[in-house]
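Keep in mind the model is a prediction, meaning the values are calculated, not measured. In what follows, every heavy atom counts, from backbone to side chain, and hydrogens, waters and symmetry copies are set aside.
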Amino acid sequence: QSWSQHLLSPDCVQNRFVREGRKSRMRSVVPVMVNSASSPEEDESAARSGPKKQLLEALQRHRSSRSANFLWRTLANVLGCDLRSLALLRILLAGLILWDCAQQAEDVRRFYGDSGVLNLFTVMDVSEGRFSLHFVNKSDVFAIALFTATILSALCLLVGLHTRLATFCCWLLLLSHQLRNPLIMDGGDLFLRHTMFWCIFLPLGRLYSIDRAMNLRNLAKTELPTDVRPPLNYQHLSWASIALICQIAWLYMEGAIYLKTGSSWQNGTSSYYALNLDFFVTNFGKSFLLRFPSLLQVLSRATLLFERWGPLLLVMPIGSSFFRMLGIFGFWCLHFGFGVSLNLGLFPYIPCCILCALLPGSVWSFLPAVRSLPQYTLYFNANDSLAPKLARVLMQVLHLEVRMRPLQQTDCSSATHSSEEPAVSPVVPFLALGTTPTQSVATDVQVIFALMKLSPLLWFRFWARVARVLLLDRLLEFGVYLLLMSESTELLLNALLRWQDESRFTVWQRRALTMCAFLAFVYVVNYNGLTYFPHDTPFWDQIGWIGHTFSFWQNWSMFSPDVPRQTGWFVLQATLADERVVDLFPEHGHVTAKHSELASDTKSKPEALLTYKFKNHRWRKLITNLRDRSTSRWTNNDYLRYLCREANDHLAQDSLERVKHIQFIWMMQENRDNYFQTAVQPIQVGEHSCE
């Protein structure tokens, strides 16, 4: 009877048979108890009442839960993401934002300030009610402040500090920058912004982050023995993960199915015409790929075919890990081909980084497990509130697990201290690694390098040896000493590194976050579906302003419906005060050098057209977007006015070299089949008087 009560207890049935997954034990116990009846009639009557009935009901619930778990695992493999892949996505997205900010750092005033290439009121007229923080203030100082906030948010996202808030700030600031100057943006920037929106609802900071190190629940788990510690489920399935997969698939399938309907895509000449765009083609594409027209035709048809059907490999229910990895590798090769043949800025890199979020869990088998060091104890100063926080962050970064114990002043006293000697107060180290408080292997900053040598990650072991050879450990020790000497720095670190109680994030808050992700997914799908499936609904007329204000509309129309056949170059024909006519900037970038004399034959293609030295891809995109006649009447005047100020304020040596009139001319040629180009046709894009 006591054995039956124990077997039917909730802890035994639920924890042992369901949570731990020991199904074989239940299958072996149940037949013994059921077959213990003397006859089938007695067995049936006994099964309808008593302990056996409860056991059979528990078995039925277990089987239903097993079916539910199988369904959840299947959906997680098809529509979910691995937490380690999401942590990698967080690091890559932050790296992309920081890389882009580093390229634009010198041109913040030119791109986003009121004295730059695009006036704020011009943008507000064209934006038609869209939201941007730059619309609050037009000064250059405010633009620099927003740019600085973008860098700080990206740094917090990189290390996983307040990850969800940092992700929201990155999305909001990216939205503000892109709407402030749409002339320097491309499809990669839009894809990055839309992905950042879905990342707000994803657990990017669940692993390998400061948030995890500061989580009190994870800290309590590390104190448990390894054999009784609950395993971590790396699979994540939510509406946000489904939305992220749909976002990636829509990037390729929209253009391949609905937009790329031109003749060049149908007859396989799209690659040929793309490589004849002089402003975008690289030396490799111009000098090598154009020599093989048959190969270009194969590449054109393969690109369209893979963009149309390749996303299906990401959601295969059978062999999901293999087919998903195959699809990711195929898209990586596709963007690698784009990057080596065309100058597209960050566009080839952004989708490659975002695709890393879909890496299956089997890929991470090479990652070494967290290394436990039972022979060591990491002691921290009990009187310093910052010491245990930095110790937790250090173990999280180095992939280590060490016992943590507070260190009091009495623990540091020497056991061999003589009563005749004068008592000296021992110095309590900030951190100490050792077997006992008095037997330390390393103290303070040396603890960092000692733990780096013990880390299972080869990268940290390598840098620990390099730092020892180059004496960087001494330099770091001195820098940390100066840093901790400042009380304001210690207060700032304590304010940033706060212990987080995961239990405060209650069930209804989790459900509210899931509901917000679901509503956002439904809204974005319906808002963008109006483009291809229009319907007149009063409800959408009332809430359509949300998608317009925050720019949820998507149109991936690169090289659609046909690859452009117009190519050429620009001439900025400037008339000086002494009536000389010069080319204002011969290298087709912003004004940084003294203007040169205009060539006598402006209709001849420059020999160095492929080697034009743009400062970065933003200036290249700006120049090419100025050809758009839909906005040229506003944007060209602002850009030419900016050129007048730059030339007359910084480059003019005397009054005779001041620019008084500028003409912006597009020297257009049209590509034809068999490497033939039409005659040059000068097209005046805009003009401006500087006087």
With a 4.5 Å heavy-atom cut-off, do [X] and [Y] have their side chains touching?
X	Y	value
L88	L92	yes
M316	F322	no
W265	P561	no
M558	V563	no
V123	R180	yes
W239	M515	no
C81	L202	no
H399	Y208	yes

Shortest non-hydrogen separation from [X] to [Y] and the atoms involved:
X	Y	value
R498	M214	O-CB, 3.4 Å
F331	L314	CE1-CD1, 4.4 Å
L157	M196	CD2-CE, 4.0 Å
L79	S241	O-OG, 3.1 Å
P182	L118	CD-CD2, 4.2 Å
R90	L158	NH2-O, 3.5 Å

Q: Using the test ring pair (Phe, Tyr, Trp, His ring centres under 6.0 Å), find all partners of F338 that sit at least two apart in sequence or belong to another chain.
A: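 For F338 the ring pair (Phe, Tyr, Trp, His ring centres under 6.0 Å) partners, ignoring immediate neighbours, are H335.
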For residues 542-552, which side-chain N or O atoms pair as donor and acceptor with protein atoms under 3.5 Å away, sequence neighbours left out?
{"unit_1": "W545", "atom_1": "NE1", "unit_2": "Q542", "atom_2": "O", "d": "3.1"}
{"unit_1": "H548", "atom_1": "NE2", "unit_2": "E128", "atom_2": "O", "d": "2.5"}
{"unit_1": "T549", "atom_1": "OG1", "unit_2": "W545", "atom_2": "O", "d": "2.6"}

To the nearest 0.5 Å, what is the distance between [atom1] on [X] and [atom2] on [Y]?
X	Y	atom1	atom2	value
L146	I151	CG	CD1	11.5 Å
D107	N616	CG	CG	6.0 Å
L394	L390	CG	CG	8.5 Å
L83	Q235	CG	CD	8.0 Å
L161	L152	CG	CG	11.0 Å
H617	D100	NE2	CG	5.5 Å

Side chain of [X], backbone of [Y]: donor and acceptor closer than 3.5 Å?
X	Y	result
T624	K621	yes
N137	F142	no
S209	R212	yes
D114	N119	no
R164	I200	yes

Q: State which residues pass side-chain hydrogen bond (donor to acceptor under 3.5 Å, both in side chains) with S300; sequence neighbours excluded, sorted by chain then number.
A: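 By the side-chain hydrogen bond (donor to acceptor under 3.5 Å, both in side chains) rule, S300 matches S270, S271.
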Are [X] and [Y] close enough that their ring centres sit under 6.0 Å apart?
X	Y	value
W619	F111	yes
Y252	F306	no
F201	F197	yes

**Q.** Residue pair F191, Q247: steps toward the side chain to side chain contact (heavy atoms under 4.5 Å, CB included) verdict
**A.** CA-CA 9 Å; F191 187 46; Q247 178 68 72; 3.8 Å; yes
Q | Ring-face cation of R84 near Y234 (centre distance under 6.0 Å, axis angle within 45°) | A |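 Cation-pi check for R84 and Y234: passes.
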Q) Any side-chain donor-acceptor pair under 3.5 Å between E254 and Q554? A)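 No, no side-chain donor-acceptor contact under 3.5 Å.
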Q: Output, in order, the C-alpha distance, side-chain angles, deciding distance and verdict of side chain to side chain contact (heavy atoms under 4.5 Å, CB included) for Q104 and R618.
A: CA-CA 8 Å; Q104 299 185 53; R618 300 295 180 187; 3.5 Å; yes
Q: Applying side-chain contact (heavy atoms from CB on, under 4.5 Å), name anything that partners W553, two or more places apart in sequence or on another chain.
A: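 Checked W553 against side-chain contact (heavy atoms from CB on, under 4.5 Å); matches are Y527, N528, T531, N555.
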Q: Pick out which of N181, L626, I184 makes a side chain to side chain contact (heavy atoms under 4.5 Å, CB included) with V117.
A: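 Among N181, L626, I184, the one meeting side chain to side chain contact (heavy atoms under 4.5 Å, CB included) with V117 is N181.
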**Q.** Sole residue of V159, L496, N215 in side chain to side chain contact (heavy atoms under 4.5 Å, CB included) with I210
**A.**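 Only one of V159, L496, N215 forms a side chain to side chain contact (heavy atoms under 4.5 Å, CB included) with I210, namely V159.
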Q: Could you go through the side chain to side chain contact (heavy atoms under 4.5 Å, CB included) check for K260 and E307 one step at a time?
A: CA-CA 11 Å; K260 296 180 179 179; E307 286 183 350; 2.8 Å; yes
Could you list the donor-acceptor pairs under 3.5 angstrom formed between side-chain atoms of residues 167-179 and any protein atom two or more places apart in sequence or on another chain?
{"unit_1": "T167", "atom_1": "OG1", "unit_2": "T163", "atom_2": "O", "d": "2.7"}
{"unit_1": "S176", "atom_1": "OG", "unit_2": "L133", "atom_2": "N", "d": "3.0"}
{"unit_1": "S176", "atom_1": "OG", "unit_2": "L172", "atom_2": "O", "d": "2.9"}
{"unit_1": "H177", "atom_1": "ND1", "unit_2": "H134", "atom_2": "NE2", "d": "2.9"}
{"unit_1": "H177", "atom_1": "NE2", "unit_2": "T150", "atom_2": "OG1", "d": "2.9"}
{"unit_1": "Q178", "atom_1": "OE1", "unit_2": "R193", "atom_2": "NH1", "d": "2.9"}
{"unit_1": "Q178", "atom_1": "NE2", "unit_2": "D189", "atom_2": "O", "d": "2.9"}

**Q.** Criterion side chain to side chain contact (heavy atoms under 4.5 Å, CB included) on F518 and V522, from CA distance to verdict
**A.** CA-CA 6 Å; F518 171 72; V522 172; 3.7 Å; yes
Could you pull out all donor-acceptor pairs under 3.5 Å where a side-chain atom in residues 344-367 meets a protein atom, sequence neighbours excluded?
{"unit_1": "W364", "atom_1": "NE1", "unit_2": "S85", "atom_2": "OG", "d": "2.9"}
{"unit_1": "S365", "atom_1": "OG", "unit_2": "S362", "atom_2": "O", "d": "3.0"}

